[in-house]
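The residues of the chain are indexed from 1 along the displayed sequence. All figures in this text were calculated on a predicted structure; none of them were measured in a lab.
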Amino acid sequence: MNVTYEDVRNSEEIRTYIKQADESLKVIGYTEHSFAHCTKVAKIAGDLLEKLGYDVHEVELARIAGFMHDIGNVVNRIDHAQSGAMMAFRVLDKMGMPPEDVATVITAIGNHDEQTAAAVNAVAAALIIADKTDVRRSRVRNRSTINFDIHDRVNYAAEKSDVILEPDSKTITLDLKINTEICAVMDYFEIFTGRMLLCRKAAEFLGLQFKLNINDVYLL
């Protein structure tokens, strides 16, 4: 590839958009969407396709899409997937990425938000799963907000979060440990049911069954 994941990860332009986008989300009260989130999403998306036997090229595209997927938040949270896809088109085209690769990446970015998402290719499916399963305490910026913000409360209650792929049984499981003294399991479903159903559709595209395990109980 003439544009690699390392090129993207080290691009000052891309890093500026990610940083500024997260600053905007911080002001309006969203959880962390900065380098910790985008790097984790890139790793999980790439690792998932790699373990499923996809070629190195597609794995690299999944990592690029994962790292860049939230840059549209620098424009506005609303429709950030679509604005992010357009921004990614401009940046990657300028960097010299071939059109077919640009198309794969921007399709995945444009299809990652649960309001408009669809697992239309393998990179998009991997990105959806990687993004929607990133539930963790360290995403909460202000502990005092867990008392009134359900998103912060659910993330803060997540003491452990693992995405477990078992290729032999063709399953992928989001394994969560939630402190129920902080948040009830029902709180998780109240805000994340749509995301989990989207993960199930994305897993099906990849030939997998999606499972949700919370505190050693399978709920999906």
> Do Arg143's NZ or CZ and the ring of Tyr156 fall within the cation-pi criteria of under 6.0 Å and 45°?
Replying inline: no
>> Has Glu60 got a side-chain atom pairing as donor or acceptor with Tyr5's backbone, closer than 3.5 angstrom?
In response: yes
> Counting distance only, does the side-chain N/O of Asn73 pair as donor-acceptor with the main-chain N or O of Asp22 below 3.5 Å?
Replying inline: no
> Between Ala65 and Ala108, what is the shortest heavy-atom contact and its length?
Replying inline: CB-CB, 4.1 Å
> Atom CG in Asp7, atom CG in Asn2: separation rounded to 0.5 Å?
Replying inline: 8.5 Å
>> If the test is side-chain hydrogen bond (donor to acceptor under 3.5 Å, both in side chains), which one of Arg141, Arg136, Lys26 qualifies with Glu32?
In response: Arg136
> Between Arg195 and Glu114, is there a salt bridge with N-O shorter than 4.0 Å?
Replying inline: yes
> So if you build clusters from Ile, Leu, Val, Met, Phe, Trp, Tyr with side-chain heavy-atom gaps below 4.5 Å, do Met68 and Leu48 land together?
Replying inline: yes
>> With no hydrogens and no angle check, just 3.5 Å: does a side-chain donor-acceptor pair link His112 and His80?
In response: yes
> Quick one: which of Asp134, Asp47, Ile172 gives a side-chain contact (heavy atoms from CB on, under 4.5 Å) with Val163?
Replying inline: Ile172
> What's the verdict on side chain to side chain contact (heavy atoms under 4.5 Å, CB included) for Phe192 and Val154, showing C-alpha distance, side-chain angles and the deciding distance?
Replying inline: CA-CA 10 Å; Phe192 287 155; Val154 168; 3.6 Å; yes
> Taking a hydrophobic cluster as the set of Ile, Leu, Val, Met, Phe, Trp and Tyr residues connected by side-chain heavy atoms closer than 4.5 Å, whether directly or through intermediates, do Val59 and Ile109 fall within one such cluster?
Replying inline: yes
> Taking C-beta and beyond as the side chain, do Phe67 and Val105 meet within less than 4.5 Å on heavy atoms?
Replying inline: no
> Is the number of heavy atoms from other residues, nucleotides or ligands under 6.0 Å of Met86 CE greater than 12?
Replying inline: no
> Atom CG in Asp79, atom OG1 in Thr116: separation rounded to 0.5 Å?
Replying inline: 7.0 Å
> Salt-bridged, Glu13 to Arg90, with N to O below 4.0 Å?
Replying inline: yes
>> Working to the nearest 0.5 angstrom, can you tell me the gap between Leu61 CG and Thr4 OG1?
In response: 11.0 Å
> Do Gln209 and Thr171 get their side chains close enough for a donor-acceptor pair, meaning under 3.5 Å?
Replying inline: no
> What closest approach, in Å, do Ala88 and Ile106 show between heavy atoms, and which atom pair accounts for it?
Replying inline: CB-CG2, 4.0 Å
> With distance as the sole test, does Asp149 use its side chain to make a donor-acceptor pair with the main-chain N or O of Thr145 at under 3.5 Å?
Replying inline: no
> Under 3.5 Å, side chain of Ser161 to main-chain N/O of Val135, donor-acceptor pair present?
Replying inline: yes
> Of the non-hydrogen atoms in Thr133 and Cys199, which two are nearest, and what is the gap between them?
Replying inline: CG2-SG, 4.1 Å
>> What's the separation between atom CZ in Arg63 and atom SG in Cys38, rounded to the nearest 0.5 Å?
In response: 14.0 Å
> When you check the side-chain N and O atoms of Asp175 and Thr173, is any donor under 3.5 Å from an acceptor?
Replying inline: no
>> Check this for me: Phe89, atom CZ, are more than 12 non-hydrogen atoms of other residues, nucleotides or ligands nearer than 6.0 Å?
In response: no
> Does a donor on one side chain sit under 3.5 Å from an acceptor on the other, for Asp101 and Thr104?
Replying inline: no
> Is any side-chain N of the basic residue among Lys177 and Asp216 closer than 4.0 Å to the acidic one's carboxylate O?
Replying inline: yes
>> Apply side chain to side chain contact (heavy atoms under 4.5 Å, CB included) to residues Asp70 and Ile18 and explain how you reach the verdict.
In response: CA-CA 7 Å; Asp70 269 341; Ile18 292 171; over 6 Å; no
> Could you give the distance from CG (Asp152) to CD1 (Ile146), rounded to the nearest 0.5 Å?
Replying inline: 8.5 Å
> With a cut-off of 6.0 Å (strictly less than), are more than 12 heavy atoms of other residues, nucleotides or ligands near CD of Glu100?
Replying inline: yes
>> Let's go through Val8 and Val3 carefully: what are the C-alpha distance in whole Å and the side-chain angles of both, what is the deciding distance for side chain to side chain contact (heavy atoms under 4.5 Å, CB included) to 0.1 Å, and is it a yes or a no?
In response: CA-CA 7 Å; Val8 168; Val3 178; 4.1 Å; yes
> Hey, is the main chain of His33 close enough, under 3.5 Å, to the side chain of Arg139 for a donor-acceptor pair?
Replying inline: no
> Between Ala118 and Ala124, what is the shortest heavy-atom contact and its length?
Replying inline: O-CB, 4.1 Å
> Could you state the interatomic distance from CZ (Phe210) to CG (Leu212), rounded to the nearest 0.5 Å?
Replying inline: 5.5 Å
>> For a side chain to side chain contact (heavy atoms under 4.5 Å, CB included) check, start with the C-alpha distance between Met87 and Val75, then their side-chain angles and the critical distance, and finish with the verdict.
In response: CA-CA 10 Å; Met87 289 175 65; Val75 178; 3.9 Å; yes
> In terms of side-chain geometry, is the basic nitrogen of Asp162 or Lys160 positioned less than 4.0 Å from the acidic oxygen of its partner?
Replying inline: yes
> Is a side-chain donor-acceptor pair under 3.5 Å present for His69 with Asp131?
Replying inline: yes
> Between the main-chain N or O of Val217 and the side-chain N or O of Asn213, is there a donor-acceptor pair closer than 3.5 Å?
Replying inline: yes
> Going by an N to O cut-off under 4.0 Å, is there a salt bridge joining Lys201 and Glu204?
Replying inline: no
>> I need the minimum non-hydrogen distance between Ala117 and Ile128, along with the two atoms involved.
In response: CB-CD1, 4.3 Å
